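Notes to accompany the following structure.
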2 protein chains.
Amino acid sequence: MEEAPCPPAGERRRDAAATRLRLLEAARDLFAERGYEGTTVREIAERAGANQALLFRYFGSKQGLLTEVVAQGGLERLRATPPGELFEASLRSLLTGSATGAADRSLEVYLRSVGRGEEEAGTLRELGEEYQSALATLSGAEDGALRADLAMAWLLGIGLMRTVVAREPLAGADPDAVCRLVLGALDHLWSAPDRTE
Amino acid sequence: MEEAPCPPAGERRRDAAATRLRLLEAARDLFAERGYEGTTVREIAERAGANQALLFRYFGSKQGLLTEVVAQGGLERLRATPPGELFEASLRSLLTGSATGAADRSLEVYLRSVGRGEEEAGTLRELGEEYQSALATLSGAEDGALRADLAMAWLLGIGLMRTVVAREPLAGADPDAVCRLVLGALDHLWSAPDRTE
DNA sequence: CCCAGATGTAAGCATCTGCTTACAACGGTA
DNA sequence: TACCGTTGTAAGCAGATGCTTACATCTGGG
């Protein structure tokens, strides 16, 4: 049912799988850039060089597209990253515009797409929980999950400030300098003593 | 031209100033809850108990309303808060749902409204710069502005995680516990040595 | 009292949104 | 070659959105 057996080598004139993939990639990029609500299905189809009707044929709805983008692009690579490297990898990915490719654009999609909608929130929740449980292992404290949430909140905030607000000096700051400051402060977040009366 | 001199004391039957104010307050709350793009002018008018045409008569456009909301509600009170108290006040305001009233809802408006639009970004930029310059005084380091940006990013991220993602344990965490962790880590951000090779 | 301006209302316009439908073109198969 | 499912296209629908227009109603000063 998959893997076309016939076409010699090059690209096919009519290739559903390729079109589907182009739609997926266009959606991933646009969701990361403009957020879920800020992106229209027409823009996605246009960037993919496809007709918008195909988007609904392949994904059912705009929401279905988001679900697939998050599930495919985000979760899989996230699960492959060791928790100890996750924060810095994600941070550097955000700072360099996802050039390292470690955490791809899942954080940015998450960042820009968390809106008011119930459905989108549900779809993105799993991605967030995946981050949380990974980061929670970094602190042995009882409230490790809370600290993980706070760390992830900082990631989201930095991404927000860089890609959305784009204000100096954060937007143009040296990734190493930012990492040094953030990771230094985070060290104390991980190792802070448990609630001691 | 202002201050009606005649009406005895109570409320007037037809009071433009009061209607204007209700629209402003409704817009402030809705922008804070749903973001700029997620809020419709019809919702604002409805919550204010006014006709939507009045919104355009008084503010020209939806964008004009945002500008006024930020300028009036946000900047003025922000400028009245000492920098040393700004971060904790804003953080507690976010954590308790703006109950303290210190930093009002300007941070939330900022948080939920930073979208793709050029105009909105321009309007909100001034608010962000105000926060930055206030926080930048907390660190004597050369890169104080960068550290201020990072601190504000954390604020935004925490607000995002709490009000938008609403995931436990952050959403229901004790504000004091969160403050303890965040302020502790922030201490090290303010006092970290300058870039030492 | 009476009228001009201030205030509030209802309806609608133009456009955009997610989504659907009807149809054309292609391509492997028999 | 004839066929039929697959892939791609064009047009449009119903609803929502920002904004405008034409009109009703109130209020205060002459």
Side-chain angles (χ1 to χ4, degrees), chain A residues 1-8 10-24 26-27 30-31 34-69 113 115-120 123, chain B residues 1-8 10-23 26-27 30-31 34-68 113 115-120 123:
Chain A
M1 200 177 288
E2 303 85 37
E3 302 314 284
C6 292
E11 66 266 26
R12 307 173 47 164
R13 312 252 314 261
R14 292 166 74 103
D15 191 333
T19 301
R20 217 188 109 98
L21 190 63
R22 288 206 316 277
L23 282 168
L24 220 38
L30 284 169
F31 286 161
R34 312 221 247 268
Y36 178 79
E37 292 189 335
T39 303
T40 70
V41 294
R42 284 172 175 81
E43 288 174 319
I44 296 172
E46 186 186 10
R47 178 171 295 200
N51 190 286
Q52 57 161 328
L54 294 176
L55 187 155
F56 293 96
R57 170 135 62 203
Y58 296 145
F59 304 99
S61 66
K62 187 189 180 187
Q63 165 65 29
L65 223 196
L66 201 234
T67 301
E68 198 132 341
V69 163
S113 297
R116 52 171 176 155
E118 284 296 308
E119 301 174 86
E120 305 114 52
T123 297
Chain B
M1 200 176 288
E2 304 85 35
E3 302 316 284
C6 292
E11 67 265 27
R12 309 173 45 166
R13 310 257 311 264
R14 292 165 73 102
D15 191 334
T19 302
R20 217 188 109 99
L21 190 63
R22 288 204 317 276
L23 283 168
L30 284 169
F31 287 161
R34 311 221 247 269
Y36 177 79
E37 292 189 335
T39 303
T40 71
V41 294
R42 285 172 175 81
E43 289 174 319
I44 297 172
E46 187 186 9
R47 178 171 295 200
N51 191 285
Q52 58 162 325
L54 294 176
L55 188 156
F56 293 96
R57 171 135 62 205
Y58 295 145
F59 303 100
S61 66
K62 187 189 178 187
Q63 166 65 29
L65 223 196
L66 202 232
T67 302
E68 197 132 343
S113 296
R116 50 170 177 157
E118 283 296 309
E119 301 174 87
E120 304 117 51
T123 297

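The structure presented is a predicted model; accordingly, all values stated were derived computationally and were not measured. Each chain gets a letter, A, B and so on, in the order its sequence line appears, and its residues count up from 1.
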Distance (rounded to the nearest 0.5 Å) between B:L55 CG and B:R42 CZ:
11.0 Å
Sequence neighbours left out, cut at 3.5 Å: what donor-acceptor pairs do the side chains of residues 44-52 of chain A make with other protein atoms?
unit_1: A:R47; atom_1: NH1; unit_2: A:E33; atom_2: OE2; d: 3.4
unit_1: A:N51; atom_1: OD1; unit_2: A:A53; atom_2: N; d: 2.8

Rounded to the nearest Å, what distance is computed from the CG atom of residue A:L54 to the P atom of nucleotide C:dA24?
17 Å
Of B:G49 and A:K62, whose nearest nucleotide on DNA chain C comes first from the 5' end?
B:G49
Can you check the B:E37 CD to D:dA16 P distance for me, whole Å?
19 Å
Give the rounded distance in Å between these two atoms: CD of A:E43 and C1' of C:dC16.
11 Å
Rounded interatomic separation in angstrom, taking CG from B:L30 and P from D:dT17
12 Å
Which residues share a side chain to side chain donor-acceptor pair (under 3.5 Å) with B:T67, sequence neighbours left out:
B:Q63, B:T123
Check nucleotides 20-26 of chain D for protein N or O atoms closer than 3.5 Å to its own N or O atoms and list the pairs.
unit_1: D:dT25; atom_1: O2; unit_2: B:R14; atom_2: NH1; d: 3.2
unit_1: D:dT25; atom_1: O2; unit_2: B:R14; atom_2: NH2; d: 3.1
unit_1: D:dC26; atom_1: O4'; unit_2: B:R14; atom_2: NH1; d: 3.2

Any side-chain N or O of B:Y58 under 4.0 Å from OP1/OP2 of C:dG8?
yes
Closer than 4.0 Å, any side-chain N/O of B:T19 to the OP1 or OP2 of C:dG8?
yes
Find the distance between CG (A:L54) and CZ (A:F59) and round it off to the nearest 0.5 Å.
10.0 Å
Nearest-angstrom distance from the residue atom CZ of B:R42 to P of D:dG18
7 Å
Please report the closest heavy-atom contact between B:Y58 and B:A16, naming both atoms and the distance.
OH-CB, 3.4 Å
Protein-nucleotide distance (B:L55, atom CG; C:dT9, atom C1'), rounded to Å
15 Å
Separation of C:dG18 atom P from A:L23 atom CG, nearest Å, is 14 Å
To the nearest Å, how far apart are A:E46 CD and C:dT17 P?
11 Å
I need the B:K62 NZ to B:T40 OG1 distance, nearest 0.5 Å.
7.0 Å
